[in-house]
**Q** 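Please see the structure below; I have some questions.
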Protein chains: 2
Amino acid sequence: MAHDEFSLIRQWTRRSDGQEGDGLTVGIGDDAAVFTPTPAMEVVACCDAMVETVHFLKETMHPSDIGYKAVISNISDVAAMGGLARYALVSIAVSPNWSATQTSQIYDGIYEACETYDVRLIGGDTVSAPDALHLSVTVLGEVEKGRAIRRSQAQVGQAVFVTGYVGSSAAGLHLLLQQKNTGEGIPNQFQQLIQAHQRPTAQVTAGRLLLTSQACGALNDVSDGLASELWEIAEASRVELCVDASLIPISEELSSYAEQVGKDPLDWAFYGGEDYQLVGTVDAGYVDTLREQFAAAGIPFSVIGRVESSAAEASVTCKREGRQMPLPKAGFNHFGQRE
Amino acid sequence: MAHDEFSLIRQWTRRSDGQEGDGLTVGIGDDAAVFTPTPAMEVVACCDAMVETVHFLKETMHPSDIGYKAVISNISDVAAMGGLARYALVSIAVSPNWSATQTSQIYDGIYEACETYDVRLIGGDTVSAPDALHLSVTVLGEVEKGRAIRRSQAQVGQAVFVTGYVGSSAAGLHLLLQQKNTGEGIPNQFQQLIQAHQRPTAQVTAGRLLLTSQACGALNDVSDGLASELWEIAEASRVELCVDASLIPISEELSSYAEQVGKDPLDWAFYGGEDYQLVGTVDAGYVDTLREQFAAAGIPFSVIGRVESSAAEASVTCKREGRQMPLPKAGFNHFGQRE
């Protein structure tokens, strides 16, 4: 058994064989990978874990979706620095209730995400686990020297923006869990919500446009819900952020599904997470230019508020139905759903 | 609960705050870390996972040992390329049966290893797990451009060597498991075996000496047992390796413990693993110089065999009691102990 399984691992990562060149000196299969960083670029490094039952269920995510999403969440982090992802290392712990075929499908998703974003899988570790499957991905990328966009650089007077639509991933999960319980199929009209949950997009082009603009203050990706990300920017930058609920970009599919199930779509937008959109601040005078550039790139770009003042105590407020109220911070976090 | 736990995570990694500078542009706490690679160096990247019940038990490893060893196993991989470790990212999935204090102690071990080897913790992910604790560490290091030592460069006529002593970690584990069952204390005379298992050393100095020598062919670290590592070199380099059992460096403590429990110390040496010594090949004419350099550095250096011939089919043989026999490949691997 031992060696059969071991040769399976080799088979799963064989698609990375012979990929040396173009900066990669030693690829997968040695003690470590070795690459030459591009001159005048810095290295960007991040790491995200996904755990069965905590981040996904077999019933709501195909194995290839799990692999795909684990890579995307990291490419998204690199995009949130204004950078480009280049390499990935994958650590996977597989329990006996995952077949070799299912594990191979996880790698299918990993490679699909890598190919889509021009990332090479250069290393990792494959081990056994007693029960839940764990997937931890490290992505290494690059960004022009000294130009990485931090979350701590929001400036008073800047506009607060978000790319794409938010809340769709959480609504997609809600729909999948409903379907799991009722056994009904997913209506065609809501496929975009399922796609947002299972096959999210990393906003690499948006991040590059923002970096090139030199007008971006702070930047985060929406992994834990918009409210949580806004608070991170407010706290790191020590500012007050004011957003307007009516400006939060909600897709038609999300509005329609929320109405159907009697939910507030803004709740998913603020507290759902895993949208992998970019949220940040930009110079107010540069908003029109960015709007044009984003429109040309086919990426929705919504101004949702303003950096109101610098403050010893950071805050985020939200205007809704004429009233400006503090926006609670609590989003999903991995130590107990919502506060 | 959610936010209490969340602030605990911040507390665990707070020791990484304010560490920017000396090449590190963005440290822990943003979407990703950013660093400037040292000029004329390439980046070395590796990733190793440790899973509760598969790689360790609470009964045999203190939480701080678990954190320490997870970092060491990666620094060892960088050392096996001839490189120097610089940065670490830690992904940890903690289950409810691990207290905040125990988790904090894992970080104590992580930081202790980082400080010992001049590595900075620059990122990671902390999530919850349903049961077994999972720890996945990525280490980024550097090596002089074009000089990383691969496992595929063994040359016919080179000597096969190993640093330090092998088998001690597996004997230490055996002793700990015996103790767990009998409740007896660990005799003082065997503390070195326990140390080898719980607090291994990464052979960074040895790796650097070998790189500087320019006489090193292939190099591996001993993570899966000496036999498995020799086979990896033989297969990657397509050579026949012949080693002599009487030359395998076994510590006095290991000999003595093996005798006491009626075990063959060579079995632990070949198939135990987690010794984190370096095994490789060097030009025969350079062996004496290396012996002197290693002696000056206080690191045991043992020639254990020779690269006999290049072969379409790789092989490893071992001379024991006058007979040269094929050395079985099987070491510990994570899909079912021994073949």
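Bear in mind the structure is a predicted one, so any value in this text is a computation, not a measurement. Here is the naming used below: chain letters follow the sequence lines, and residue numbers restart at 1 for every chain.
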**Q** Using 0.5 Å steps for rounding, measure from the CG atom of Asp31(B) to the OG atom of Ser73(A).
**A** 11.0 Å
**Q** Between the main-chain N or O of Ala32(A) and the side-chain N or O of Asp77(B), is there a donor-acceptor pair closer than 3.5 Å?
**A** no
**Q** Once you round to the nearest 0.5 Å, how far does OG1 of Thr25(A) lie from CZ of Arg147(B)?
**A** 13.5 Å
**Q** Which bit of Ala148(B) comes within less than 4.5 Å of chain A, counting heavy atoms only: side chain, backbone, both or neither?
**A** side chain
**Q** Between Pro130(A) and Thr53(B), what is the shortest heavy-atom contact and its length?
**A** CG-OG1, 3.5 Å
**Q** State the NE2-OG distance between His55(A) and Ser128(B), to the nearest 0.5 angstrom.
**A** 6.5 Å
**Q** Kindly give the heavy-atom pair with the smallest separation between Pro37(A) and Met41(B), and that separation in Å.
**A** CD-O, 4.0 Å
**Q** Run the numbers on Val34(A) and Val143(B) for side chain to side chain contact (heavy atoms under 4.5 Å, CB included), then give the verdict.
**A** CA-CA 8 Å; Val34(A) 181; Val143(B) 68; 4.1 Å; yes
**Q** Heavy atoms, side chains only, cut-off 4.5 Å: are Leu140(A) and Leu140(B) in contact?
**A** yes
**Q** I need the minimum non-hydrogen distance between Val127(B) and Val51(A), along with the two atoms involved.
**A** CG2-CG2, 3.8 Å
**Q** When rounded to the nearest 0.5 angstrom, what distance separates CG in Leu89(A) from SG in Cys46(B)?
**A** 8.0 Å
**Q** Calculate, to the nearest 0.5 Å, the distance between atoms CD1 and OG belonging to Ile92(A) and Ser136(B) respectively.
**A** 11.0 Å
**Q** So which of Thr138(B), Asn74(B), Ile149(B) has the biggest tally of heavy-atom pairs under 4.5 Å with chain A?
**A** Thr138(B)
**Q** With chain B as the partner, which of Gly123(A), Gly29(A), Ala45(A), Ser152(A) has the greatest number of non-hydrogen pairs under 4.5 Å?
**A** Ala45(A)
**Q** Working to the nearest 0.5 Å, report the span between CZ of Arg151(A) and CG of Asp30(B).
**A** 4.5 Å
**Q** Side chain, backbone, both or neither: which part of Ala129(A) has a non-hydrogen atom closer than 4.5 Å to chain B?
**A** both
**Q** Do any of residues 78-87 of chain B come closer than 4.5 Å to chain A, heavy atom to heavy atom, and if so which ones, in number order?
**A** Ala80(B), Met81(B)
**Q** Taking every heavy-atom pair that is under 4.5 Å apart, which of Asp131(B), Asp221(B), Val90(B) has the most such pairs with chain A?
**A** Asp131(B)
**Q** Less than 4.5 Å to any heavy atom of chain A: does that hold for the side chain of Glu142(B), its backbone, both, or neither?
**A** neither
